[in-house]
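Single-structure report; data block below.
All chains are named by letter (A, B, ...) in the order of the sequence lines, taking the proteins before the strands, and each is independently numbered beginning at 1.
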2 protein chains.
Amino acid sequence: MSITAGPAKTGRTTITDVARAAGVSVATVSKVINGRDGIAVATSARVMQVVDKLGYERSLVATSLRQSKTNVIGVLVAEFEPFALQLLQGISDALSDTQYDVLVYAGAVSVGNHRGWENRSLSRLGGTLIDAAILVTPTLASPDASIPLVAIDPHTGSGGPATIDGDNLSGARAATEHLISLGHTRVGHLRGRDDLESAHVRERGYREAMHDAGLPIPPTFVTTGGYRADDANSGAVALLDAEVRPTAVFAANDVSAIELIRVAHERGLRVPEDLSIVGFDDIPDAASASPALTTVRQPLREMGAAAVEAIIEMLQGKDTSAHMRLPTRLVVRASTAPPA
Amino acid sequence: MSITAGPAKTGRTTITDVARAAGVSVATVSKVINGRDGIAVATSARVMQVVDKLGYERSLVATSLRQSKTNVIGVLVAEFEPFALQLLQGISDALSDTQYDVLVYAGAVSVGNHRGWENRSLSRLGGTLIDAAILVTPTLASPDASIPLVAIDPHTGSGGPATIDGDNLSGARAATEHLISLGHTRVGHLRGRDDLESAHVRERGYREAMHDAGLPIPPTFVTTGGYRADDANSGAVALLDAEVRPTAVFAANDVSAIELIRVAHERGLRVPEDLSIVGFDDIPDAASASPALTTVRQPLREMGAAAVEAIIEMLQGKDTSAHMRLPTRLVVRASTAPPA
DNA sequence: CTGTTAGCGCATTCAG
DNA sequence: CTGAATGCGCTAACAG
């Protein structure tokens with residue numbers, strides 16, 4: 001019933017509009033656009049002209065419903081926190097000389113930190129909106145997907161996708177040992193998100209270092225933070241308001257560490273004189289925190305670039321199930337000092 | 001074990017798989033999923049169970065092809081540079097308590113800085129993959145779109161969408177005046193991307209301040225940078241290798257300013273002793289640059305949040321064509337000093 | 001209450 | 001060389 005006439009409805013130019021304007025069928029337009037041969041040069045030129053004139057651009061939606069290739073790589077994150085953002089820069093840089101565009105989907109903003117957000121996102125982007133996906137801090141060991149997958153800071157597990165991570169264990173040990181070597185004996189730990197494998201590994205590194213030094217870990221010395229300031233707040237408060245307060249804390253990530261500095265200041269504690277703090281990640285804000293944060297640097301840009309390389313190899317059919325681990329490095333700045 | 005049975009072809013579970021497994025028609029499944037009423041409780045329960053079991057999630061692609069609402073807000077950027085990333089944090093935070101998910105599309109990574117990338121992206125995201133879009137540093141005054149639009153750091157023009165920007169003119173004047181008040185008379189300018197309106201405004205601010213101070217601007221004092229280090233390099237080099245070198249430079253953005261510091265160091269120039277530098281934006285790297293960069297701060301997180309507010313109001317049918325301008329502020333750090 | 005039918009915009013057969 | 005028909009996953013009418 002709906003006899004169409006012109007762009008009309010949505011305002012978007014469709015392949016049909018182009019076909020009508022050029023006086024050919026949609027199939028012809030499709031062929032021209034996709035560079036298929038078997039089209040008269042004159043026709044092709046005329047169609048291209050109309051395409052330009054009308055500013056036609058194929059709809060990713062319709063295309064991906066029909067085809068299996070979109071030249072778009074998806075990056076799936078839970079949220080846009082500094083860690084993911086740094087990674088994104090590396091990913092974007094590495095992709096800038098390729099034919100691929102990037103689409104980043106934040107799957108947990110509207111539903112909270114729902115464990116398993118990656119499967120939800122993967123399903124929603126479904127069929128083939130994206131040709132491959134890079135998962136940032138997934139909470140599942142082996143998300144189900146039918147497209148090439150690389151996980152950054154993964155949930156380890158067998159049979160999972162290719163993974164890229166930093167050396168969390170060494171980093172955590174280095175951080176804790178730094179504190180111990182400064183002379184601290186009451187060293188606490190502000191844990192990361194429980195659903196992150198890397199958070200557990202870092203806690204293990206902390207515990208190992210403490211154990212090796214023969215130092216005790218009272219239960220109140222370990223509390224849980226998160227990767228948002230809000231989440232970190234209660235853990236930070238618990239740590240500092242405990243009966244016996246640690247003189248140094250290793251926080252599982254910089255966001256928590258910075259929140260801890262804030263809470264310490266709120267309580268009149270000086271950092272590092274009264275409390276030494278080490279973070280993890282080395283996000284941009286770490287260096288400009290006050291005091292500048294001692295932290296364990298993860299090569300985030302490089303990790304992002306490595307993920308892109310792996311994904312592209314997979315897309316080219318090479319069987320890359322590499323599990324790459326990049327080194328971490330302690331960066332000593334102003335938030336750590338010997339105990340008073 | 002992971003999900004078995006059914007999907008076959010793509011590996012993705014579709015509504016058809018669910019229908020078959022539940023022994024009902026796809027229409028029924030659709031109704032259940034969308035909470036339409038007129039479905040027997042028993043049937044509904046059975047379907048839901050199958051949905052859970054199979055881990056079904058509707059495809060954003062197919063849904064958006066058919067419907068006009070996806071609850072996804074698009075953020076369109078040319079690339080993931082620090083400016084956009086900061087904005088993204090504000091946007092993400094502001095969206096975290098809403099029903100909306102975020103999808104960020106970088107439209108210029110695979111094709112270079114193509115003027116008009118926003119129309120291309122808008123077209124590709126087409127019909128209704130997204131309910132509304134936030135444009136970051138668009139290069140067009142009035143992109144055509146049939147969905148609510150807000151532009152951050154826009155190309156001004158009449159009839160355009162709602163816009164959010166920082167006070168570029170005042171900021172640029174403040175930066176230049178700061179340099180002049182320090183005693184500099186040879187003040188240069190490293191321009192921003194030519195396709196950005198804000199870059200022109202900043203240049204105007206610089207020229208006005210110079211004019212008001214009665215200072216000359218030799219042609220070699222103004223060169224062009226960009227928002228990537230590579231782009232900024234040639235402009236920086238030209239500025240420093242000129243016959244008569246400025247003793248101070250106002251760079252149109254922090255990325256350029258930081259690159260300028262690098263180039264200056266390369267030539268054995270000390271900053272700020274031999275060359276004072278002011279940037280613009282106050283991205284995280286500005287504070288941790290060496291020396292710490294004096295810059296004009298734009299409230300990027302707030303600008304992102306403001307964009308979200310505006311978009312949501314538009315989505316609710318309120319007629320918000322506000323043009324919001326947030327204040328900028330000079331932040332003096334270590335990269336500026338009186339001339340030697 | 002539930003199943004059938006008809007597209008959304010596009011690319012791909014398969015006949016002209 | 002070109003055009004009409006078909007289907008991708010899904011939902012809105014409309015039948016049954």
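OP1 or OP2 of D:dT2 has at least one side-chain nitrogen or oxygen of A:Thr43 nearer than 4.0 Å. Not one side-chain nitrogen or oxygen of B:Ser25 sits closer than 4.0 Å to the OP1 or OP2 atom of C:dT4. Between B:Ser59 and D:dC8 there is no side-chain N or O to OP1 or OP2 distance below 4.0 Å. For A:Tyr56 and C:dC10, the shortest distance from a side-chain N or O to OP1 or OP2 is below 4.0 Å.
Closest to the side chain of B:Ile39, from the set D:dT11, D:dG9, C:dT2, is C:dT2. Proximity note for B:Ala40 (side chain, C-beta onward) versus D:dC10, D:dC1, C:dT2: the nearest is C:dT2. Listed nucleotides C:dG3, D:dC10, D:dT2 differ in distance to B:Thr28; the shortest reach to its side chain belongs to C:dG3.
Looking only at side-chain heavy atoms (C-beta outward), A:Thr43 and A:Val32 stay at 4.5 Å or farther from each other. A:Val150 has its side chain out of reach of A:Leu135: every pair of non-hydrogen atoms, C-beta onward, lies at least 4.5 Å apart.
With hydrogens and angles left out, the side-chain atoms of A:Glu118 and A:Thr139 include a donor and acceptor closer than 3.5 Å.
For A:Leu65 and D:dT11, the CG to P distance is 12 Å, given to the nearest whole Å. Distance, B:Asp17 CG to D:dC8 P: 12 Å, rounded to whole Å. Taking atom CG of residue B:Asn71 and atom P of nucleotide D:dT11, one finds them 13 Å apart after rounding to whole Å. When rounded to the nearest whole Å, the span between CG of A:Leu125 and P of D:dG9 equals 16 Å. Residue A:Arg20 contributes atom CZ, which lies 13 Å from atom P of D:dA4 at whole-angstrom precision. One can place CG of B:Leu129 at 14 Å from C1' of D:dG9, the figure rounded to the nearest angstrom. Atom pair A:Ile15:CD1 and C:dC8:P shows a separation of 14 Å (rounding to whole Å applied). Summarising the geometry, the separation between CZ on B:Arg124 and P on C:dG9 is reported as 17 Å, rounded to the nearest angstrom.
Backbone-only engagement by B:Val24 is indicated by non-hydrogen atom pairs under 4.0 Å involving sugar-phosphate atoms exclusively.
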For nucleotides 12-14 of chain D, print each protein N/O atom paired with a nucleotide N/O atom at under 3.5 Å, atom names and distance only.
none

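Place B:Ser44 and A:Ile33 on DNA chain C by their nearest nucleotides, and B:Ser44 ends up nearer the 5' end.
Annotation: side chain to side chain donor-acceptor pair (under 3.5 Å) contacts of A:Asn119 (sequence neighbours excluded): none.
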For A:Leu315 and A:Ile73: C-alpha separation, side-chain torsions, deciding distance, then whether side chain to side chain contact (heavy atoms under 4.5 Å, CB included) applies.
CA-CA 10 Å; A:Leu315 246 15; A:Ile73 289 183; 4.2 Å; yes

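The CG atom of B:Leu76 sits 9.0 Å away from atom OH of B:Tyr105, with the distance rounded to the nearest 0.5 Å. Atom CE in A:Met303 sits 11.5 Å away from atom CD in A:Gln86 (nearest 0.5 Å).
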